[in-house]
Amino acid sequence: MSTSHPRTPSVLFVCNTNGGKSQLAAALLRQAAGDAVAVESAGLIPAHHINELAASVVEEVGADMRAEVPTALTEEALRAADRVIIVGGAKVPELEGVAMERWVPAEAPAGLATERERMEFLRDDIAARVAALNDELGTATV
């Protein structure tokens, strides 16, 4: 009798610098799915460090991205992922055989006066998308 184990799905989040939006999305999916999803992130032109404000607001909801290092996007990473999600307006080159989807974050309301409030709004928008993705993947942890 053979016992088969389902393969762990992989998700690659991509943004321009891999310092903010894609790292934030990756941290939230790692928190939501645990080891049930292999999560990576990358950027077209990696920043020198993680966006401190993004790290701070994601930490407020129990996720962590402070130990991450911005990474350059490679063709190999694109081809290896089951799901490639571009967060924001990054102009990722199309690759034959690689399906990509784009999450365009909602515009922060004008009433949000501080940079922190705008980042919290972005975090909440991405968190809702991550929750829907996690449900779709069927990998929600209890």
Side-chain angles (χ1 to χ4, degrees), residues 3-142:
T3 308
S4 71
H5 296 285
R7 193 175 82 69
T8 302
S10 62
V11 176
L12 172 65
F13 292 104
V14 180
C15 70
N16 282 315
T17 66
N18 193 225
K21 291 187 289 285
S22 59
Q23 290 282 2
L24 199 147
L28 290 168
L29 184 56
R30 283 187 194 104
Q31 177 191 37
D35 294 336
V37 178
V39 182
E40 300 291 333
S41 67
L44 297 177
I45 302 172
H48 295 290
H49 51 79
I50 294 295
N51 178 305
E52 180 57 35
L53 185 54
S56 177
V57 300
V58 81
E59 191 173 61
E60 289 175 357
V61 296
D64 185 21
M65 60 187 254
R66 291 190 188 277
E68 301 302 319
V69 176
T71 303
L73 180 64
T74 65
E75 181 177 332
E76 293 77 21
L78 286 168
R79 293 195 184 281
D82 295 318
R83 299 280 292 265
V84 175
I85 300 171
I86 304 163
V87 186
K91 293 182 178 13
V92 179
E94 290 185 27
L95 276 178
E96 187 175 331
V98 177
M100 298 181 214
E101 59 192 275
R102 184 176 302 274
W103 290 356
V104 178
E107 276 297 313
L112 299 180
T114 69
E115 203 52 41
R116 179 169 205 84
E117 288 173 326
R118 288 189 288 278
M119 186 64 76
E120 289 167 344
F121 181 85
L122 174 67
R123 175 205 60 208
D124 295 346
D125 179 76
I126 291 174
R129 294 166 192 263
V130 163
L133 172 65
N134 198 34
D135 286 346
E136 184 181 325
L137 294 171
T139 54
T141 59
V142 178

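Quick caveat, the model's predicted, so the values are computed rather than measured.
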Contact between [X] and [Y] at the side-chain level, heavy atoms closer than 4.5 Å - yes or no?
X	Y	value
V61	R123	yes
R66	S56	yes
F13	V39	yes
S22	V14	no
V84	E101	no
V37	L137	yes

Would you find more than 12 non-hydrogen atoms of other residues, nucleotides or ligands less than 6.0 Å from [X] atom [atom1]?
X	atom1	value
I45	CD1	no
E68	CD	yes
E60	CD	yes

Determine yes or no for a side-chain-to-main-chain donor-acceptor pair under 3.5 angstrom, with [X] supplying the side chain and [Y] the backbone.
X	Y	value
R129	V104	yes
R118	E107	no
N18	T71	yes
S10	T8	no

Grab the two heavy atoms, one from [X] and one from [Y], that are nearest each other, plus how far apart they are.
X	Y	value
P70	A47	CB-O, 3.3 Å
A33	N134	CB-OD1, 3.4 Å
A63	A27	CB-O, 3.8 Å
V87	P105	CG1-CG, 4.4 Å
M119	V57	CG-CG2, 3.4 Å

Stepwise side chain to side chain contact (heavy atoms under 4.5 Å, CB included) test for E115 and L53: CA-CA 8 Å; E115 203 52 41; L53 185 54; 3.8 Å; yes

Straight-line distance of [X] [atom1] to [Y] [atom2], nearest 0.5 Å:
X	Y	atom1	atom2	value
M100	L12	CE	CG	9.0 Å
I50	M65	CD1	CE	4.5 Å
S41	L73	OG	CG	10.5 Å
I85	W103	CD1	CH2	4.0 Å
D64	Q31	CG	CD	10.0 Å

Derivation and outcome, side chain to side chain contact (heavy atoms under 4.5 Å, CB included), residues K21 and L122: CA-CA 8 Å; K21 291 187 289 285; L122 174 67; 3.8 Å; yes

CA sep, side-chain torsions, deciding dist, call: L29, L133, side chain to side chain contact (heavy atoms under 4.5 Å, CB included): CA-CA 9 Å; L29 184 56; L133 172 65; 4.1 Å; yes

Distance-only polar pair, side chains of R79 and T74, donor-acceptor under 3.5 Å: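 R79 vs T74: no donor-acceptor pair found between side chains.
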
Check: N51/Q23 side-chain N/O donor and acceptor closer than 3.5 Å: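 Note: N51 and Q23 side chains miss the donor-acceptor criterion.
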
